[in-house]
Asks: 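Got a structure for you, written out below as structure tokens; questions coming shortly.
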Amino acid sequence: MSCAAYLAITIFSSVFNSPFIKVFDLIGGVDIHLTQAEANYMRNPALWTHEDRQNTDLDFVEGMNHLNGTEALTYSRIRKIGKADFGRT
């Protein structure tokens, strides 16, 4: 990552999936505006494990969506749509 960003990265942190999901579930989820491409991506059943599909109904639409922890984690992993992280910040 240092080479790709031309930065000397000496300190970093790692967040495991379970705490990430629990934090967002604890605060009641998060409202996120999805583009049409992001909504289409999120509706792909191949992204979701059988267990995860029990916690979402895959009814994501363009515009404002309320995401639970599992859905927020999936959204945070989108990398190949638009400008990826740079477009969402």
Asks: Taking Glu71 for its side chain and Asn68 for its backbone only, find out whether a donor-acceptor pair lies under 3.5 Å.
Replies: yes
Asks: Quick one: does Asp25's side chain get under 4.5 Å of Val23's, heavy atoms only?
Replies: no
Asks: Closer than 3.5 angstrom, by distance alone: can the side chain of Thr56 be matched with the main-chain N or O of Asp52 as a donor-acceptor pair?
Replies: no
Asks: Could you tell me which non-hydrogen atom of Asn65 sits nearest to which non-hydrogen atom of Val61, and how far apart they are?
Replies: ND2-O, 2.7 Å
Asks: So, using ring-ring contact (aromatic ring centres under 6.0 Å, His included) as the criterion, who are the partners of Phe24 when residues are at least two apart?
Replies: Phe20
Asks: Search all heavy atoms of Glu62 against all heavy atoms of Ala39 and return the closest pair with its distance.
Replies: N-CB, 3.9 Å
Asks: Is there a side-chain contact between Tyr41 and Gln36 in this structure, where contact means two heavy atoms from C-beta onward sitting under 4.5 Å apart?
Replies: no
Asks: Is there a donor-acceptor pair under 3.5 Å between the side chain of His66 and the backbone N or O of Ile32?
Replies: no
Asks: In the structure I gave you, are the side-chain heavy atoms of Tyr75 and Val30 within less than 4.5 Å of one another anywhere?
Replies: no
Asks: I want to check something: taking the side chain as every heavy atom from C-beta on, are Leu58 and Met42 in contact at a cut-off of under 4.5 Å?
Replies: no
Asks: Please report the shortest heavy-atom distance between Leu73 and Ile21, naming the atom on each side.
Replies: CD2-CD1, 3.9 Å
Asks: Do other residues, nucleotides or ligands put more than 12 heavy atoms under 6.0 Å from Gln54 CD?
Replies: yes
Asks: Looking at side-chain heavy atoms only, is the closest gap between Glu38 and Ile78 below 4.5 Å?
Replies: yes
